[in-house]
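The model shown is predicted, which means the values in this text are computed figures rather than measured ones. These numbers come from the heavy atoms of this one structure, side chains and all, not from hydrogens, waters or symmetry mates. Positions are given from 1, in the same order as the sequence printed here.
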Amino acid sequence: MSSTSSIRVRFAPSPTGMFHVGGARSALFNWVMAAQSGGTLVLRIEDTDASRNSPEWTEGIIRALAWLGIDGEQYEGPYFQSANADKHAEAAHTLRDAGRAYYCDCAREAVIARTGDQHKGYDGFCRDRGLEPGPGRALRFRTPDEGQTVVVDLLRGKPVFENAVLEDFVIARADGSVTFLLANAVDDMSQGITHVVRGEEHLSNAPKQQLLWEALGGEPPVWAHVPVIVNEKRQKLSKRRDKVALEDYRAEGYLAEAMRNYLMLLGWAPSGDREIVPWDVIVDEFRIDDVNTSPAFFDEKKLRAFNGEYIRALPVEKFIAECLPFLQEAPFDVDVSVFAELAPLAQTRIALLAEIVEMIDFVFLDEPPSDEKSWTKAMKEPAAEILAAAEQAYLDAPWRADELKDRLERIGQEHGLKLGKTQAPVRVAVTGRTVGLPLFESLEILGRDRTLARIAAARAKLAAGS
């Protein structure tokens with residue numbers, strides 16, 4: 001790709017009520033291309049579909065981009081396709097006047113009846129009928145009968161499409177509104193778009209859009225059709241079946257930096273045997289023509305592991321700040337100064353920020369959370385004896401994690417148990433769960449009185465046989 005400021009790449013999402021991770025990847029690819037070339041990223045909202053034309057949905061797109069790091073300073077726009085309606089209509093009339101488009105009143109059923117094939121495209125029946133505009137008449141583009149249309153694609157070389165197999169496609173509906181194909185071409189031309197990066201499902205549209213560009217006197221852009229994103233069954237990601245909304249991942253506590261890094265790897269790999277890479281390295285190394293064309297597997301488990309790595313790499317102060325929005329939604333009050341003591345313990349044990357609530361709740365609740373599976377697993381013989389001994393040992397223990405550990409370890413030795421088995425009933429008595437933060441540091445923060453009260457309550461519950 002030439003490094004010149006004349007490059008203008010566009011990202012043109014449609015408002016759909018959520019921001020698809022595939023769209024997020026395309027946005028990032030476009031953004032990096034623009035940054036590398038010193039060019040311009042153009043954001044255009046494809047809002048001509050009235051059923052999808054919602055200001056809230058548009059704001060959702062802008063918020064999602066900003067979360068990824070693509071804020072208003074990173075792009076030109078947003079432009080709205082609907083604002084260009086007059087230019088779209090003018091282009092339709094220009095094509096018709098030039099003999100490159102004609103009106104058609106054929107219903108799909110009539111085409112099938114003539115061709116005898118429900119899968120066959122339009123048969124050109126109205127090409128020479130000379131119909132004028134009117135009710136039920138759409139405007140079709142007249143594709144060439146001969147020759148080829150060559151699409152220059154940075155990933156796929158130069159796919160060749162035989163013009164003879166391209167049907168005369170609709171560019172304006174009977175109500176006068178233009179279709180995506182024409183609106184897209186007109187907008188790209190008027191906004192000086194030179195490069196388009198989008199999903200491979202749009203590759204079949206490229207020859208049609210190129211023909212429109214050429215018919216309107218423009219030079220088509222350079223295309224890059226990136227591979228489809230699939231789930232673990234190698235099915236294309238679908239909002240009806242898969243978790244695809246970027247907003248959902250953000251709500252679960254994925255960091256933008258982790259998501260950004262992971263999405264860039266869907267079809268591309270940095271140099272060396274590494275995947276978690278600083279953003280400036282990605283921007284420096286990424287080349288759109290290095291993206292492969294095989295389907296890219298969206299592995300949520302891998303993304304979760306990425307996120308855990310990014311969380312552990314945060315400065316503690318940043319980790320606390322990232323957790324606060326989730327703690328503010330917790331069903332209990334959080335003392336931030338106490339949480340600051342817990343934060344270094346929790347940071348190494350969560351992969352999603354939303355997990356922080358359950359990880360530290362026992363400190364801020366009056367009683368430990370109830371988890372019957374944990375209770376049943378931990379409160380087996382000699383749990384009652386261990387709890388009694390721990391309660392006694394902790395009455396006068398210096399309240400430090402190392403001392404608390406040492407005393408419980410000695411209790412375990414008396415019962416022939418390793419520390420892991422010994423601490424299980426104490427952990428469940430105090431925290432409510434068999435897994436969680438380091439136990440002895442947690443006890444130190446919780447305090448002697450609350451720790452002893454919880455151990456006593458657990459002993460009483462055991463004695464009652466419940």
Subject >> side chain to side chain contact (heavy atoms under 4.5 Å, CB included) partner of Thr149, the single match among Pro159, Pro207, Pro144 >> reply: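 Only match with Thr149 under side chain to side chain contact (heavy atoms under 4.5 Å, CB included): Pro207.
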Salt bridge present between [X] and [Y] (N-O < 4.0 angstrom):
{"X": "Arg96", "Y": "Glu132", "answer": "yes"}
{"X": "Asp188", "Y": "Arg44", "answer": "yes"}
{"X": "Lys318", "Y": "Glu322", "answer": "yes"}
{"X": "Arg312", "Y": "Glu309", "answer": "yes"}
{"X": "Glu275", "Y": "Lys302", "answer": "yes"}
{"X": "Glu285", "Y": "Arg274", "answer": "yes"}
{"X": "Glu232", "Y": "Lys301", "answer": "no"}

**OP:** Please check if the distance between the ring centroids of Trp31 and Trp279 is under 6.0 Å.
**Re:**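 Judged by ring-centre distance (under 6.0 Å), Trp31 and Trp279 do meet the cut-off.
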Original post:
Between Phe332 and Phe339, does the ring centroid distance fall short of 6.0 Å?
Top reply: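 When the ring centroids of Phe332 and Phe339 are compared, they turn out to be at least 6.0 Å apart.
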Nearest heavy-atom pair of [X] and [Y]: which atoms, and what distance?
{"X": "Leu437", "Y": "Met359", "result": "CD2-CG, 3.3 Å"}
{"X": "Gly121", "Y": "Arg108", "result": "C-NH1, 4.2 Å"}
{"X": "Ala27", "Y": "Ile70", "result": "O-CD1, 4.0 Å"}
{"X": "Leu212", "Y": "Leu181", "result": "CD1-O, 3.7 Å"}
{"X": "Val291", "Y": "Pro227", "result": "CG1-CD, 3.7 Å"}
{"X": "Ile356", "Y": "Cys323", "result": "CG1-SG, 3.9 Å"}

**OP:** Take Arg63 and Asp71 through the salt bridge (charged side-chain N to carboxylate O under 4.0 Å, His left out) test and state the conclusion after the steps.
**Re:** CA-CA 8 Å; Arg63 284 195 303 270; Asp71 59 25; over 6 Å; no
Donor + acceptor pair across side chains of [X], [Y] (<3.5 Å):
{"X": "His225", "Y": "Arg198", "value": "yes"}
{"X": "His88", "Y": "Asp187", "value": "yes"}
{"X": "Asp168", "Y": "Tyr102", "value": "yes"}
{"X": "Asp335", "Y": "Ser337", "value": "yes"}
{"X": "Asp47", "Y": "Gln81", "value": "no"}
{"X": "Asn163", "Y": "Gln148", "value": "no"}
{"X": "Arg427", "Y": "Thr431", "value": "no"}

Roughly how far apart are [X] [atom1] and [Y] [atom2], rounded to 0.5 Å?
{"X": "Asp290", "Y": "Leu155", "atom1": "CG", "atom2": "CG", "result": "9.0 Å"}
{"X": "Gln74", "Y": "Leu68", "atom1": "CD", "atom2": "CG", "result": "11.5 Å"}
{"X": "Met259", "Y": "Phe306", "atom1": "CE", "atom2": "CZ", "result": "11.5 Å"}
{"X": "Asp242", "Y": "Leu237", "atom1": "CG", "atom2": "CG", "result": "5.0 Å"}
{"X": "Ile193", "Y": "Ile7", "atom1": "CD1", "atom2": "CD1", "result": "11.5 Å"}

For residues 440-447, please give each side-chain donor-acceptor pair under 3.5 Å, one per line with the distance, not counting sequence neighbours.
unit_1: Ser442; atom_1: OG; unit_2: Pro438; atom_2: O; d: 2.7
unit_1: Glu444; atom_1: OE1; unit_2: Ala401; atom_2: N; d: 2.8

Original post:
On the ring face of Tyr122, is Arg140 found with NZ or CZ under 6.0 Å from the centre and within 45° of the axis?
Top reply: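 Geometry flag: set, cation within 6.0 Å and 45°.
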Original post:
Checking Arg234 against Phe297: charged group under 6.0 Å from the ring centre and within 45 degrees of the axis?
Top reply: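 Yes, cation above the ring, under 6.0 Å and within 45°.
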Original post:
Pairs in or reaching into residues 76-95: which pass salt bridge (Lys or Arg N to Asp or Glu O under 4.0 Å), with residues at least two apart or in two chains?
Top reply: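 Found Arg8-Glu76.
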**OP:** Only pairs at least two apart or in different chains count here, so list each salt bridge (Lys or Arg N to Asp or Glu O under 4.0 Å) that has a residue in residues 203-229.
**Re:**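 Not a single pair qualifies under salt bridge (Lys or Arg N to Asp or Glu O under 4.0 Å).
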**OP:** Just jot down the side chain to side chain contact (heavy atoms under 4.5 Å, CB included) partners of Ala354, sequence neighbours excluded, or say none.
**Re:**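 So Ala354 forms a side chain to side chain contact (heavy atoms under 4.5 Å, CB included) with Phe326.
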Subject >> Residue list, side chain to side chain contact (heavy atoms under 4.5 Å, CB included) with Ala258, at least two apart or on another chain >> reply: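 For Ala258 the side chain to side chain contact (heavy atoms under 4.5 Å, CB included) partners, ignoring immediate neighbours, are Leu255, Asn307, Tyr310.
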Subject >> Partner of Phe141 by ring pair (Phe, Tyr, Trp, His ring centres under 6.0 Å), out of Phe169, Tyr103, Trp213 >> reply: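 Considering Phe169, Tyr103, Trp213, a ring pair (Phe, Tyr, Trp, His ring centres under 6.0 Å) with Phe141 is found only for Phe169.
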**OP:** Carefully, step by step, assess Trp67 and Glu247 under the rule side-chain hydrogen bond (donor to acceptor under 3.5 Å, both in side chains).
**Re:** CA-CA 10 Å; Trp67 180 66; Glu247 297 90 338; over 6 Å; no
Subject >> Chi angles and distances behind the side-chain contact (heavy atoms from CB on, under 4.5 Å) call for Glu46, Phe80 >> reply: CA-CA 6 Å; Glu46 307 272 345; Phe80 293 87; over 6 Å; no
**OP:** Quick one: do Glu358 and Arg433 satisfy salt bridge (charged side-chain N to carboxylate O under 4.0 Å, His left out)? Show the steps, please.
**Re:** CA-CA 10 Å; Glu358 188 171 296; Arg433 302 185 182 92; 3.8 Å; yes
**OP:** Report yes or no: does Gln209 contribute a side-chain atom to a donor-acceptor pair with the main-chain N or O of Asn184 at less than 3.5 Å?
**Re:**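 Checking the backbone N and O of Asn184 against the side chain of Gln209, no donor-acceptor pair under 3.5 Å is found.
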Original post:
Any donor and acceptor pair, going by atom type alone, linking the side chain of Arg137 with main-chain N or O of Cys106 inside 3.5 Å?
Top reply: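 Not at all, since once roles are kept as given, no pair shorter than 3.5 Å links the two residues.
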**OP:** Could you tell me which residues satisfy ring-ring contact (aromatic ring centres under 6.0 Å, His included) with Phe29, sequence neighbours excluded, listed by chain and number?
**Re:**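 Listed in chain order: Phe286.
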